[in-house]
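Step one of this worksheet: look at the structure below.
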Amino acid sequence: MAEVTIVNVGYRSTNYWVISAGDSRLLVDLGWPGSMGKMRASLKRKDVPLEELRYGLATHYHIDHAGAAQELKLVGVPLLVLDVQVQAIPLMKRWTKPQDNYMDITMDGNVTIACSESRSLLESIGILGEIVHTPGHSEDSVSLLLDDGSVFTGDLTPPAFIGMEDPQVVIASWRLLQERGATRIYPGHGPARPLDTRFLETMT
Ligand SMILES: [Zn+2]
């Protein structure tokens, strides 16, 4: 399979990552509510044809990561949902205001799978990797882990910044990613960075 490329089409302090295997592409995190115009412009600026997005995947259902999911579905980008995320989808609306122009995410057209099915689905679009359940920032958080060590972690809290979260849950998620070969983090906010394994080893 061809090597994948990673491009950030983010805006408003949030990263939206396009993982491409040739002209077969996956969008990880899906824009703020009502921001489809901005998403289109950003994709265009980065030379990503909208019609080549095979799926949209939200790392978790917070408005900065999944707010435009339905808008993307309406222009032909199917929503890839993990079974651990289904319950969180209707709850997201609570964090929106009328002026956000949030469009409710419906269940129809969604492709809902278990994490154990993710490898074969990704392979079908030319991407080698898996989707891993990584709770900690929220119960519905997942990470996309590529076989080359790149991992898209959404808002999984860096160990040094754990506050309100349950530290055990957060650390367990990082350890799981490390065990499965994660080396380079592509977070939901801020620049990509190497996985700090020394810090994880010293945590108990
Ligand atoms: Zn979040």
Side-chain angles (χ1 to χ4, degrees), residues 6 8-19 26-36 38-39 42 55-73 77 79-105 110 112-113 115 118 130-146 150-178 182 184-193 195-196 199-200:
I6 297 166
N8 185 6
V9 296
Y11 47 90
R12 287 177 62 194
S13 307
T14 311
N15 299 327
Y16 306 126
W17 301 102
V18 178
I19 296 101
L26 172 66
L27 178 62
V28 175
D29 285 334
L30 309 174
W32 290 82
S35 72
M36 195 56 221
K38 228 172 161 37
M39 178 63 84
S42 187
Y55 294 102
L57 169 70
T59 54
H60 62 297
Y61 283 80
H62 284 171
I63 58 167
D64 47 340
H65 297 265
Q70 188 68 18
E71 296 167 69
L72 279 157
K73 280 166 65 179
V77 184
L79 181 60
L80 178 59
V81 178
L82 280 302
D83 54 6
V84 293
Q85 300 183 306
V86 171
Q87 284 187 307
I89 294 177
L91 303 178
M92 190 172 66
K93 196 189 172 96
R94 292 180 301 179
W95 307 102
T96 63
K97 298 183 277 309
Q99 63 267 32
D100 292 335
N101 296 313
Y102 171 65
M103 200 177 281
D104 260 328
I105 300 172
N110 299 348
T112 304
I113 61 167
C115 285
S118 61
E130 61 181 325
I131 300 168
V132 184
H133 186 208
T134 49
H137 168 70
S138 67
E139 185 48 42
D140 69 317
S141 288
V142 302
S143 298
L144 169 68
L145 173 60
L146 304 184
S150 306
V151 63
F152 302 82
T153 52
D155 287 349
L156 182 59
T157 318
F161 295 97
I162 294 170
M164 307 265 287
E165 305 87 349
D166 181 338
Q168 307 270 20
V169 178
V170 175
I171 297 298
S173 287
W174 283 116
R175 287 226 167 99
L176 179 61
L177 292 175
Q178 186 190 3
R184 186 163 180 76
I185 303 166
Y186 293 83
H189 307 276
R193 62 181 192 272
L195 180 74
D196 186 354
F199 193 82
L200 273 177

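Whatever order the structure lists ligands and atoms in, that order sets their numbers, starting from 1. All residue numbers in this chain count up from 1 along the given sequence.
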Under the ring-ring contact (aromatic ring centres under 6.0 Å, His included) test, residues paired with His133 that sit two or more places apart: none
Below 2.8 Å of the Zn ion (ligand 1), tally up the protein N/O/S atoms for me. 4
Is the ring pair His65/His60 parallel, tilted or perpendicular, if the boundaries are 30 and 60 degrees? tilted
Please report the shortest heavy-atom distance between Pro159 and Trp174, naming the atom on each side. CD-NE1, 3.6 Å
State, with a plain yes or no, whether a side-chain heavy atom of Tyr61 is found less than 4.5 Å away from one of Ile105. yes
Show your working on side-chain hydrogen bond (donor to acceptor under 3.5 Å, both in side chains) between Thr112 and Asn110 and close with a plain yes or no. CA-CA 6 Å; Thr112 304; Asn110 299 348; 5.3 Å; no
Decide, yes or no, whether a salt bridge links Lys93 with Asp104 under the criterion of side-chain N to carboxylate O below 4.0 Å. yes
